[in-house]
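When a ligand or atom number is given, it counts from 1 through the structure's own listing order.
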Amino acid sequence: MKKGNFCFNKNQWFFEENVPYDVSRIKIGIEVKRKLYSGRSRYQKIEFYDTYFFGRILVLDGILQTSEKDEFIYHEMLCQNPLFLHKNPQRVLIVGGGDGGALEEILKHKVKEVQMVEIDEKVIELSKKYLPSISKGAFNDRRTKLFIEDGKKFIKRNVNCFDVIILDLSDPGGPAKDLISLNFYKNVKRALRKNGIVSIQSGSLSYQAKLVSLIFNRVNRIFPSVKIHRSVIPSYQAGEYSFIVGSKFNLKKISPLVLQSKFKKAKLKLSYWNPEMHFASSVLPKYLKDKIRK
Ligand code: SAM
């Protein structure tokens with residue numbers, strides 16, 4: 001049916017493709033209002049869609065990365081956990097994160113500097129154009145330092161540099177495939193300062209349990225203290241989604257009272273994360289614990 005010069009196809013649905021480690025054989029569709037962009041960079045296929053329920057979405061190599069409607073759940077869980085757990089985060093590094101959502105989240109804190117190393121400049125430029133509501137001008141903040149480079153090489157070069165490192169990487173299929181190795185996590189630990197902490201988006205406990213288990217066990221071998229948190233991010237259609245933190249200090253020593261007092265002082269406007277959510281999200285049912293500790 002044609003409306004003016006806009007061709008409306010009633011049956012446009014987005015289905016994810018080739019999600020690494022996904023054993024579900026399930027496809028759930030998202031109805032699309034219109035395609036905003038489709039093209040290729042040196043590293044991956046990049047698409048932006050406007051959808052009825054989730055608003056605009058970014059898709060890389062057929063896999064949904066973020067949506068306007070629920071990005072806050074993902075970015076708050078990924079960034080607020082380590083930022084509140086660390087005593088005094090001043091220098092933060094994001095590896096990946098091309099949509100700018102993690103950057104925007106970190107800049108809510110009084111940090112001195114956020115470095116971001118993203119392999120694909122095109123994801124950043126297109127996200128600024130099609131998803132400005134996610135980065136909210138964060139790329140122009142004077143504390144932001146952007147590097148266009150492979151995160152693996154960047155991490156190797158930087159020793160004892162960061163208080164917090166956020167691994168906001170796509171699933172390990174395309175350019176991020178080498179960034180779940182034991183050696184990579186060793187270099188991440190080396191790049192952290194004395195009391196540093198890393199936060200990792202680690203996939204779906206429901207559909208990618210092997211991946212979550214692999215990341216958890218590798219991080220556990222390298223870092224003295226490790227915890228896993230879970231949340232539901234509806235656009236990911238991934239059931240229980242996971243976030244892993246690994247730190248050089250003992251995470252068990254951070255009490256609810258400490259987090260509550262820091263949270264009160266910080267006066268951040270958040271919609272998902274709070275100290276209660278932090279502790280509640282680390283409680284796992286037995287069947288999920290069993291999946292991880294294999
Ligand atoms: N929320 C996300 C998800 O669901 O997977 C991650 C979002 S963010 C868009 C992922 C970014 O990681 C992409 O922009 C991609 O270009 C970047 N990336 C992948 N491999 C990388 C590498 N080796 N070094 C740096 N950035 C990388």
Side-chain angles (χ1 to χ4, degrees), residues 16-22 30 37 39-48 54 56-79 93-106 115-131 134-135 138-139 146-158 165-181 183-185 187-188 191 199-205 207-208 211-212 215 231-239 241-244:
E16 279 197 321
E17 279 166 27
N18 308 322
V19 181
Y21 292 86
D22 182 358
I30 299 176
Y37 176 88
R40 284 203 72 88
S41 69
R42 245 179 90 192
Y43 302 99
Q44 53 210 341
K45 185 174 179 197
I46 307 174
E47 293 161 287
F48 289 85
F54 291 114
R56 293 182 171 197
I57 60 171
L58 162 64
V59 176
L60 295 178
D61 281 343
I63 303 168
L64 192 144
Q65 304 289 307
T66 194
S67 93
E68 282 184 313
K69 187 157 185 156
D70 60 9
E71 58 86 19
F72 69 95
I73 307 176
Y74 173 88
H75 289 118
E76 288 185 25
M77 281 299 285
L78 183 67
C79 303
L93 171 71
I94 305 166
V95 186
D99 51 67
L103 185 60
E104 195 268 336
E105 199 59 43
I106 295 161
Q115 297 192 18
M116 175 168 151
V117 55
E118 161 65 57
I119 202 168
D120 198 340
E121 194 166 18
K122 215 166 169 184
V123 176
I124 298 177
E125 290 316 315
L126 291 165
S127 295
K128 282 190 200 165
K129 182 170 177 188
Y130 294 111
L131 286 174
I134 291 185
S135 55
F139 290 108
L146 199 56
F147 299 86
I148 303 301
E149 191 183 333
D150 182 353
K152 195 170 104 179
K153 287 189 190 149
F154 184 92
I155 280 281
K156 223 175 170 177
R157 269 208 322 272
N158 285 276
I165 295 180
I166 310 277
L167 302 184
D168 188 14
L169 289 159
S170 22
D171 282 2
K177 73 174 183 309
D178 292 339
L179 280 69
I180 57 165
S181 72
N183 214 25
F184 176 67
Y185 294 132
N187 291 335
V188 167
S199 178
I200 308 167
Q201 84 88 347
S202 43
S204 163
L205 282 154
Y207 301 149
Q208 297 166 296
L211 174 65
V212 185
I215 296 176
S231 72
V232 170
I233 299 154
S235 65
Y236 284 2
Q237 307 169 15
Y241 207 75
S242 74
F243 299 89
I244 290 170

Would K152 count as a contact of ligand 1 if the rule is a heavy atom under 4.0 Å away?
->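 Outside the 4.0 Å threshold, so no.
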Does Q44 reach ligand 1, in the sense of a heavy atom lying below 4.0 Å from it?
->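 Judged by the 4.0 Å heavy-atom criterion, Q44 does count as contacting ligand 1.
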Of Y236, Y74, Y241, the one whose closest heavy atom lies nearest atom 4 (O) of ligand 1 is Y236
Nearest protein heavy-atom contact for [atom]: which residue, which atom, what distance?
atom	result
atom 10 (C) of ligand 1	D168 O, 3.3 Å
atom 15 (C) of ligand 1	E118 OE2, 3.3 Å
atom 5 (O) of ligand 1	Q201 NE2, 3.1 Å
atom 24 (N) of ligand 1	G151 N, 2.8 Å
atom 7 (C) of ligand 1	Q65 OE1, 3.4 Å
atom 19 (C) of ligand 1	S170 OG, 3.4 Å
atom 26 (N) of ligand 1	I119 N, 3.2 Å
atom 18 (N) of ligand 1	L169 CD2, 3.8 Å

Which segment of [X] sits under 4.0 Å of ligand 1 when only heavy atoms are counted:
X	answer
D150	both
I124	neither
L60	side chain

Should I124 and M116 count as side-chain neighbours, where that means a heavy-atom distance under 4.5 Å?
->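 A side-chain contact under 4.5 Å exists here.
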Between E125 and K122, is the closest basic N to carboxylate O distance under 4.0 Å?
->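 Looking at K122 and E125, the cut-off is not met.
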Answer yes when E17 and K45 have at least one side-chain N-carboxylate O distance shorter than 4.0 Å, and no when they do not.
->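 Looking at K45 together with E17, the answer is no, because their closest N to O distance does not fall below 4.0 Å.
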If the plane angle is over 60° it's perpendicular, under 30° parallel, otherwise tilted; pick one for F48 and Y130.
->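 Taking Y130 first and then F48, their aromatic rings sit tilted (interplane angle of 30° to 60°).
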Contacts of E71 meeting side-chain hydrogen bond (donor to acceptor under 3.5 Å, both in side chains) (sequence neighbours excluded), chain-then-number -> H75
Distance filter under 4.0 Å to V123 heavy atoms, resulting ligand 1 atoms =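 Going through ligand 1 atom by atom, the ones under 4.0 Å from V123 are 14 (O).
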Sub-4.0 Å atoms of ligand 1 with respect to non-hydrogen atoms of D120 | 16 (O)
Expected list for residues 170-181: side-chain donor-acceptor pairs under 3.5 angstrom, two or more places apart:
from, atom 1, to, atom 2, distance (Å)
D171, OD2, Q208, NE2, 3.1
D178, OD2, K152, NZ, 3.3
S181, OG, F184, N, 3.0

D99 N/O under 3.5 Å from ligand 1 N/O =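 Checking ligand 1 against D99, no N or O pair falls under 3.5 Å apart.
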Carefully, step by step, assess Y185 and L167 under the rule side-chain contact (heavy atoms from CB on, under 4.5 Å).
-> CA-CA 10 Å; Y185 294 132; L167 302 184; 3.8 Å; yes
Within the distance-only criterion (no hydrogens, no angle test), does the side chain of S135 pair as donor or acceptor with the backbone N or O of G100 below 3.5 angstrom?
-> no
From [X] atom [atom1] to [Y] atom [atom2], the distance as rounded to the nearest 0.5 Å:
X	Y	atom1	atom2	value
I57	S67	CD1	OG	8.0 Å
I134	D99	CD1	CG	5.5 Å
L64	F54	CG	CZ	8.0 Å

